[in-house]
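Below is one structure, written out as structure tokens; the observations come after it.
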Amino acid sequence: MSDIRDEQDNRYDFRATEAKWQERWESSELFTVRDDDSRPPYYGLDMFPYPSGAGISVGHCRNYVPLDVACRFKVMQGYNVLHPMGWDAFGQPAENEAIKRGRNPKEMVPEYAANYKRQLKLVGISYDWSREVNSSTPEYYRWTQWMFLLLHKRGLAYRANTPINWCPSCKTGLANEEVVNGRCWRCNSLVEKRPMPQWFFKITAYADRLISGLEDIQWPEGIKALQSNWIGRSEGAEVDFKVAGTDDTLTVFTTRPDTLWGATFMVVAPEHPLVDAIASEAQRAEVQQYRERAQRSTEMERQSADRTKTGVFTGGYAINPVNDELIPIWVADYVLMGYGTGAIMAVPAHDQRDFEFARKYHISIVLVYQTSDDQTADALNEALPAGGAMALGPFTGAPNDKSTVGKVIAWLEERGQGKGLINYRIRDWLISRQRYWGAPIPIIHCPEHGAVPVPEADLPVVLPDVDKYQPTGTGESPLAGIPEFVNTICPVCGAAAKRETDTMGGFACSSWYFLRFADPHNTEAPFSSEAVNRWLPVDLYVGGAEHAVMHLLYARFWTKVLHDAGYLNFDEPFQRLRNQGMLLAWTAGRKVVADETEGDDEEAASDEPLEDWKVLKPEEKLTVPEDERIYRWVKMSKSLYNVITPDEMAEKYGADSLRLYGLFVAPFEDTVQWSDKGIEGASKFVNRVWRLWNELRTYFVPDWRTVVSQDGLVLPDSDRALRRKLHQTIRKVGDDLENFRFNTCIAALMELTNEVSLYRNAIGTSTPELGSLAVLSELVELLPLIIAPITPHMSDEMWERLGKSGFTFRESFPSYDDATAAEESVTIVVQVNGKVRDRIVVSPGTTQEEVERLALACEKVARELEGGKTLRKVIPVPGKLINLVIS
RNA sequence: GCCCGGGUGGUGAAAUGGCAGACACAAGGGUCUUAAAAACCCUGGCUUUCGAGCAUGCGGGUUCGAGUCCCGCCCCGGGCACCA
């Protein structure tokens with residue numbers, strides 16, 4: 001490029017340089033990955049995004065850039081690195097946006113994707129675009145449907161008519177994982193319960209393996225805990241209670257069968273099927289009323305734990321199997337139909353919820369465990385969940401612990417009154433959506449044969465073009481209104497039949513896309529096992545922690561199913577996971593006006609974090625004066641009108657500076673507050689490196705290696721020090737990049753730069769010796785390589801100016817020499833009673849005796865010893881410190 | 001209520017149980033310049049009687065030595081929330 005030929009101009013022309021190299025990377029297909037490559041494979045993956053209209057913000061660079069740096073580093077270390085990108089284009093986020101803009105998602109998504117792609121290239125991300133996938137294309141969703149059929153074949157997809165989570169605003173059912181605090185994860189509306197026939201994936205069948213599989217993957221402990229808690233394994237027993245005067249049996253799940261002797265009543269959920277049978281004539285009306293009231297209240301109201309418990313006596317009694325006592329059966333909404341059996345035995349003495357209920361309704365309380373002989377149930381102020389010894393029944397004297405629980409379960413099993421059982425909190429994954437923009441569920445409903453899977457050969461079931469794709473709200477998908485789509489024939493008998501009109505939720509597409517990248521153009525299968533087994537599991541997966549119990553759980557489930565079906569030789573998809581921190585922006589807002597109701601602005605609602613604060617919309621910025629504005633740090637998001645784009649930053653400071661700033665500002669996992677000052681600092685550093693390097697390049701001698709490796713080469717102290725720093729930096733940068741410590745990595749590069757600058761100042765206008773020239777040349781040649789993963793554009797430009805051909809991406813990351821990096825002297829801290837009194841500088845091999853002698857010889861130490869104090873003890877820390885204990 | 005994170009200068013942050021504040025930003029001073037910008041150099045936790053003392057949310061403890069480990073609190077962020 002002609003405008004960077006002026007070598008006297010020491011200002012770095014990042015615009016021209018970055019454009020030049022991005023073009024060259026593209027035209028040389030630098031980032032295209034081949035399967036037939038002898039280097040060891042490495043798979044680095046970002047969670048694929050849905051491309052929204054606003055494009056990416058600098059916030060997105062918090063994950064794309066660090067992974068890019070890690071991948072570029074891996075390439076330079078000699079790996080064949082798969083680093084792909086694609087579009088999670090199906091699902092509510094894309095569809096909601098299309099509706100809002102009055103666009104057809106089919107046309108809109110590719111436009112948005114193209115913009116994302118342009119931006120990602122602008123930031124210099126090294127994706128292999130030849131493997132780009134779009135989950136909303138028939139070439140892709142054909143195989144998502146294939147996955148559905150596989151699950152169906154294996155008994156893991158079923159249709160059931162149970163009350164499901166319904167979002168009235170999105171007009172569709174939602175999976176449990178998509179309901180956050182009783183609200184829709186996309187639009188924040190309150191979720192209702194609606195009974196309707198829906199398709200589910202049987203993720204509960206894999207609950208145990210989804211917990212145990214967490215053990216040997218390198219994920220943040222917090223995410224593992226989140227998943228584990230979500231799955232919620234709890235060990236206990238099912239116990240059968242006879243309903244007095246009937247043939248019915250009420251089965252309960254309990255984790256504390258050992259407290260059966262203290263069960264003084266039972267509670268069933270309002271929706272429990274036996275309620276009618278249990279209720280006595282006298283109580284029936286009251287029970288019925290209570291059930292209706294419970295049905296009307298929202299999930300949120302019902303599940304708020306601080307609400308005082310309510311309930312109604314059914315008039316019926318159960319027989320406690322361990323002592324044949326009659327105990328009353330109540331109906332109360334603190335018992336949930338969705339967990340266990342929807343019925344509990346209540347042990348008020350040892351369960352706080354039952355305790356509160358018993359006290360409120362004056363039900364008797366019986367102590368099973370006593371912490372002392374004179375302890376009475378009447379004296380309790382709260383339940384005793386732990387401690388004490390059993391005070392009644394055949395296990396009298398047994399401790400209040402797991403071993404007793406086990407013994408009681410065995411005892412119940414022997415007597416045929418119950419059995420040990422493990423219960424899970426996780427529910428099956430509801431996959432049906434009554435929406436247009438998703439992969440049609442490949443099922444045909446035949447009056448004769450029921451729900452028949454579409455034969456594999458007939459895939460894909462193509463999503464038809466429609467005029468109206470808005471959700472209907474009737475519980476039917478818009479597809480139901482298209483006779484050409486709906487009417488078909490049964491694959492089994494050929495009779496007239498109807499297609500399933502629900503589509504799959506977006507999380508179906510993202511549950512296997514990481515497999516498709518290994519073999520993205522396969523038209524015969526979703527992937528070849530050979531390709532997938534070569535590249536996967538993903539070595540390094542980067543994305544947001546908000547997917548802990550959604551995508552990350554579903555993807556693990558599908559991987560296990562595919563493994564069990566023999567398609568994969570691994571059953572955990574992501575070996576190592578890293579979650580980037582959020583990016584916050586300083587955002588103008590105002591107080592909420594009294595009559596403003598929640599959810600009036602659908603889009604903003606999902607991201608607004610504070611209830612007493614409303615973001616200023618662009619049009620309000622003119623009307624709300626500065627002194628009425630309230631500024632807050634909130635997540636950078638287009639719905640909060642506080643987005644800074646990589647485009648504007650790349651234009652002003654350059655992609656390399658933007659990359660460097662995001663990496664340097666804080667540890668990768670930390671939340672960051674965006675600052676323009678910060679990126680200015682990063683840009684200053686990039687320019688400083690550029691300038692220094694260009695000055696020093698005039699000393700470059702290409703054969704420096706022979707000089708540096710000469711036997712008996714004696715360099716002046718300053719040269720040895722510079723070389724030592726260089727090799728120490730190579731070591732540190734390599735270590736830090738390996739461990740995602742980008743901020744300290746860049747700090748090390750800054751330290752090196754500072755040292756080089758001082759060295760340069762010291763040279764002044766004098767001509768360096770041959771040895772010094774070699775040391776400088778080593779630096780001039782290696783620096784572009786060391787910094788290349790972070791500032792790839794500048795590095796390639798430097799590389800070319802050194803007379804090298806090709807790209808730093810194709811070079812090896814420099815190795816360091818231990819001997820050269822070793823310190824020539826060490827500073828030993830001299831402490832007296834743990835307080836620093838002095839420092840002594842010794843050579844690394846100095847004996848401990850010598851260090852001690854030198855320490856005692858320090859004037860400041862001598863002063864401490866005055867007044868008859870004597871040395872009691874010497875604590876040496878070799879190479880670091882010596883602590884003299886005196887008194 | 002339960003489960004995870006986190007609290008260190010004016011700010012972002014460093015620190016295998018061993019010199020607290022690396023590296024930066026902002027600030028102040030200087031060099032260069034007619035001037036400014038840029039660049040380069042220097043200073044900087046607080047207090048001080050210039051010996052030193054005090055400092056990593058608070059209070060205890062372990063240790064020769066604690067930002068780091070243990071116990072008890074407080075505050076902030078996130079997740080779950082009547083799960084029997």
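So you know, we letter chains A, B, ... as the sequences are listed, proteins then strands, and number each from 1.
With C1' as the reference atom, B:A52 and B:U48 are 8 Å apart, rounded to whole Å. For the P atoms, the distance linking B:G57 with B:A13 amounts to 14 Å, nearest Å. Going from the P atom of B:U62 to that of B:A24 covers 41 Å, rounded to whole Å. Rounded to whole Å, the separation between the C1' atoms of B:G78 and B:U16 comes to 29 Å. The gap from the C1' atom of B:G44 to that of B:G30 amounts to 15 Å, rounded to the nearest Å. Of the C1' atoms belonging to B:G18 and B:G67, the separation is 13 Å, rounded to the nearest Å. Here the separation of B:G10 from B:C58, taken at their P atoms, is 14 Å to the nearest Å.
Comment: A:Lys732 engages A:Asp736 in a salt bridge, judged by a side-chain N to carboxylate O separation of less than 4.0 angstrom. A:Glu235 has a carboxylate O that lies under 4.0 Å from a charged side-chain N of A:Arg233, or vice versa, which qualifies the two as a salt bridge.
Sequence order on RNA chain B of the closest nucleotides to A:Met750 and A:Pro667 puts A:Pro667 first from the 5' end.
The side chain of A:Ala666 lies closest to B:A13 when the candidates are B:A13, B:G18, B:A24.
Note on A:Lys880: a base of the nucleic acid sits closer than 4.0 angstrom, heavy atoms only. Backbone-only contact: A:Gly681 has heavy atoms under 4.0 Å from sugar-phosphate atoms and none from a base.
Note on ring orientation: taking the six-membered ring where Trp is involved, the planes of A:Trp633 and A:Trp586 are tilted (angle from 30° to 60°).
Glycosidic conformation, B:G45: anti, with the torsion outside 90° of 0. Base orientation at B:G51 is syn, since its O4'-C1' glycosidic dihedral falls within 90° of 0.
The interatomic distance linking A:Gln673 (CD) with B:A13 (C1') rounds to 12 Å, in whole Å.
Put simply, the side chain of A:Lys309 and the base of B:C82 share a donor and an acceptor less than 3.5 Å apart.
A ring-ring contact (aromatic ring centres under 6.0 Å, His included) with A:Trp690 holds for exactly one of A:Tyr12, A:Phe14, A:Phe685; it is A:Tyr12.
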